[in-house]
Amino acid sequence: MNRLLFAVALAGCWAASARAGTGVFRWGRDDGIDRGWLISVGGGMVSELEGEVTETVRPYYELIGRESEGSTYSLDDLGLNDRVPIFGIAVEKEWKYFTLSFEASYFRTDADAVANRDYYIGIDDDIEYRGKSYDHMMIPEGDEFTASLDSGLVEIDLAFTPFTFEPAESVALVPWIYLGLIGIFGKYDLDDGPPRGTTVYEEPPVEYVIGGQTDGWGGIGLPVLGAGGDLTLGPADGVRLVLSGRYGFFSYNGSTEHFPVKTRHEKDLDIDFDTYRLSARIEFPVSEAVDLFFGGAYLHFRTDGEVNALDRDPDEIEELREKFDKAFDFRMNTVTGFAGVRF
């Protein structure tokens with residue numbers, strides 16, 4: 001469906017561009033490129049933040065005839081799904097046929113939570129206990145602990161603007177297709193007080209430290225292909241309302257060897273990602289060379305998929321004893337306001 005929508009948008013752009021230069025069609029972005037720089041700052045709210053990882057099956061358990069009893073972990077378990085403020089900056093440069101844009105934003109969410117079951121967690125920063133380092137941590141059921149997540153979003157897009165459609169005076173539509181790169185990164189911190197013992201979990205046994213404090217980094221970078229457009233209402237030398245929308249997607253099904261994700265062993269990765277953004281802004285001139293603008297935007301991200309062990313022979317499964325296959329789902333929505341200058 002994603003590919004079909006993009007193909008329709010692409011076909012429409014090329015069909016219309018074939019008529020550009022005649023009547024209401026003109027080649028490229030026709031208005032505003034003499035004031036092609038747009039710089040803005042903004043702030044708002046993360047209106048939805050949901051993330052979940054589910055352990056599905058473990059090949060080693062299937063080999064030895066043991067029932068797979070995977071767990072599900074979510075941001076909700078850690079109390080990190082609340083609405084929180086978000087702040088950002090955006091820079092855009094418009095040319096006749098291309099537009100380059102950069103956006104970056106930051107938010108922090110933290111919580112005091114209570115474990116609703118035993119949490120067994122693999123960690124990045126080892127915990128020291130009685131002279132030994134542990135890379136696995138247990139938070140017992142009923143423990144009060146603190147959790148925090150500092151997150152950043154970065155997006156770089158290059159859009160192609162083949163034509164301007166102007167069916168009436170002071171009404172102009174500029175459709176575009178774009179290729180982008182989106183990065184979603186985060187630094188987490190978990191604190192369950194001083195370490196106070198160890199326990200054994202899994203098969204073969206893995207030693208977990210009970211309690212302690214740890215932090216680490218996680219994130220993902222994805223290419224995005226999409227389409228969108230700007231609808232401008234108002235004269236080029238007066239107050240204008242600009243309505244914008246875009247939709248992008250990415251899909252991958254293959255080996256983790258060809259994808260920037262951290263795994264101990266090569267896995268099969270199946271991932272789908274989509275995003276859309278809707279915005280409106282009012283531009284008003286303050287001189288012949290400078291406009292001011294303000295507006296608002298709604299942004300949506302969602303990615304889901306699976307990470308599964310490769311098909312291996314029994315000897316390899318016995319030797320590697322890989323952990324559970326996993327299914328994941330992450331989604332985020334933001335509502336922001338912004339203000340800036342165009343020159």
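Everything numeric in this text was worked out from a predicted model, so none of it was measured.
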Next on the checklist: Run Tyr252 and Leu269 through side-chain contact (heavy atoms from CB on, under 4.5 Å) and show every step you take.
Outcome noted: CA-CA 7 Å; Tyr252 176 80; Leu269 174 64; 4.1 Å; yes

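- Distance CD/Glu155 to CD1/Ile184: 9.5 Å, rounded to 0.5 Å.
- Counting only N and O atoms by type, the side chains of Asp272 and Ser251 include a donor and acceptor under 3.5 Å apart.
- To the nearest 0.5 Å, the span separating CZ on Arg277 from CG on Asp157 amounts to 10.0 Å.
- Looking at Tyr119, its side chain never comes within 3.5 Å of a backbone N or O of Glu141 through a donor-acceptor pair.
- Here the closest non-hydrogen pair linking Leu179 and Leu225 is CD1-CD1, 4.4 Å.
- Ile89 contributes atom CD1, which lies 10.5 Å from atom CD of Glu103 (distance to the nearest 0.5 angstrom).
- Look at Asp189 and Lys187 and you find no salt bridge, because none of the NZ, NE, NH1 or NH2 atoms lies under 4.0 Å from a carboxylate O.
- Between the side chain of Thr275 and the main chain of Gly248, no donor-acceptor pair closer than 3.5 Å is present.
- Annotation for Phe293 and Arg342: closest pair CE2-N, 4.0 Å, computed over non-hydrogen atoms.
- Considering every non-hydrogen atom in both Thr214 and Asp125, the closest pair reads OG1-O, 2.8 Å.
- A heavy-atom distance below 4.5 Å is found between the side chains of Asp329 and Arg302.
- At a threshold of 4.5 Å between non-hydrogen side-chain atoms, the residues Ile86 and Val84 do not count as touching.
- Under a 3.5 Å cut-off, the side chain of Lys326 and the backbone N or O of Phe324 do form a donor-acceptor pair.
- Ring centers of Phe163 and Phe25: under 6.0 Å apart, within the cut-off.
- Ser101 is not listed as a side-chain neighbour of Leu158, based on a closest heavy-atom distance of 4.5 Å or more.
- In this structure, the side chains of Val171 and Leu231 come closer than 4.5 Å at one or more pairs of heavy atoms.
- A donor-acceptor pair is defined here as one N or O able to donate and one able to accept, closer than 3.5 Å; no such pair exists between the side chain of Ser40 and the backbone of Ala339.
- Salt-bridge formation is not detected for the pair Arg321/Glu319: no Lys NZ or Arg NE/NH1/NH2 atom is positioned less than 4.0 Å from an Asp or Glu carboxylate oxygen.
- Evaluation of the side-chain hydrogen bond (donor to acceptor under 3.5 Å, both in side chains) rule for Tyr134 yields no partner, not counting sequence neighbours.
- Note that CG of Asp274 is 8.5 Å distant from CG of Asp304, once rounded to the nearest 0.5 Å.
- Here Arg58 does not pair with Glu322 in a salt bridge; the nearest charged N to carboxylate O distance is not below 4.0 Å.
- In this structure, Phe273 has its ring center at least 6.0 angstrom away from the ring center of Phe250.
- Taking the six-membered ring for Trp and the full ring otherwise, Tyr247 and Tyr276 have centroids separated by 6.0 Å or more.
- If you look at Phe338 and Phe294, their ring centroids are not closer than 6.0 Å.
- Counting heavy atoms of neighbouring residues, nucleotides and ligands inside a 6.0 Å radius, atom CD of Glu144 does not exceed 12 of them.
- Remark: the backbone N or O of Ala159 is not paired with any side-chain donor or acceptor of Thr99 at under 3.5 angstrom.
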Checklist entry - Between Thr198 and Glu207, does a side-chain hydrogen bond (donor to acceptor under 3.5 Å, both in side chains) hold up when you go through it step by step? => result CA-CA 7 Å; Thr198 62; Glu207 195 169 17; 3.2 Å; yes

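- With Asp191 contributing its side chain and Thr146 its backbone, the two residues share no donor-acceptor pair below 3.5 Å.
- Between the side chain of Thr164 and the backbone N or O of Gly28 there is at least one donor-acceptor pair closer than 3.5 Å.
- Judged by distance alone, the side chains of Asp150 and Tyr106 do bring a donor and an acceptor atom under 3.5 Å apart.
- Rounded to the nearest 0.5 angstrom, Asn116 CG and Asp143 CG are separated by 12.0 Å.
- Atom OG1 of Thr56 sits about 6.5 Å away from atom CD of Glu306, to the nearest 0.5 Å.
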Checklist entry - side-chain contact (heavy atoms from CB on, under 4.5 Å) between Met137 and Tyr208: does it pass, once the steps are laid out? => result CA-CA 5 Å; Met137 172 188 186; Tyr208 285 70; 5.6 Å; no

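- Side-chain contact between Arg246 and Trp176 is present, with heavy atoms from C-beta onward closer than 4.5 Å.
- For Pro235 against Ser170, the heavy-atom pair with the smallest separation is N-OG, 3.6 Å.
- Annotation for Ala297 and Ser279: closest pair CB-CB, 3.8 Å, computed over non-hydrogen atoms.
- Under a cutoff of 6.0 Å and an axis angle of 45°, Arg35 and Phe343 do not form a cation-pi pair.
- By the 4.0 Å N-to-carboxylate-O rule, Glu257 lies too far from Lys267 to be salt-bridged with it.
- Close placement of the Phe98 and Phe160 rings is indicated, their centers lying within 6.0 Å of each other.
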Checklist entry - side-chain contact (heavy atoms from CB on, under 4.5 Å) between Leu49 and Thr109: does it pass, once the steps are laid out? => result CA-CA 10 Å; Leu49 181 65; Thr109 177; 4.3 Å; yes

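- Within the 4.5 Å cutoff, the side chain of Pro140 has heavy atoms near those of the Arg196 side chain.
- A donor-acceptor pair under 3.5 Å is formed between the side chain of Thr161 and the backbone N or O of Lys96.
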Item to check | side-chain contact (heavy atoms from CB on, under 4.5 Å) between Val341 and Leu38, intermediate numbers included | outcome: CA-CA 6 Å; Val341 59; Leu38 294 87; over 6 Å; no

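- For the pair Ser148/Arg108, a side-chain contact is recorded, criterion being any heavy-atom separation below 4.5 Å from C-beta on.
- With hydrogens and angles disregarded, a donor-acceptor distance shorter than 3.5 Å links the side chain of Arg240 to the backbone of Ala236.
- In plain terms, the two heavy atoms of Asp230 and Ser244 that are nearest each other are OD1-OG, 2.7 Å.
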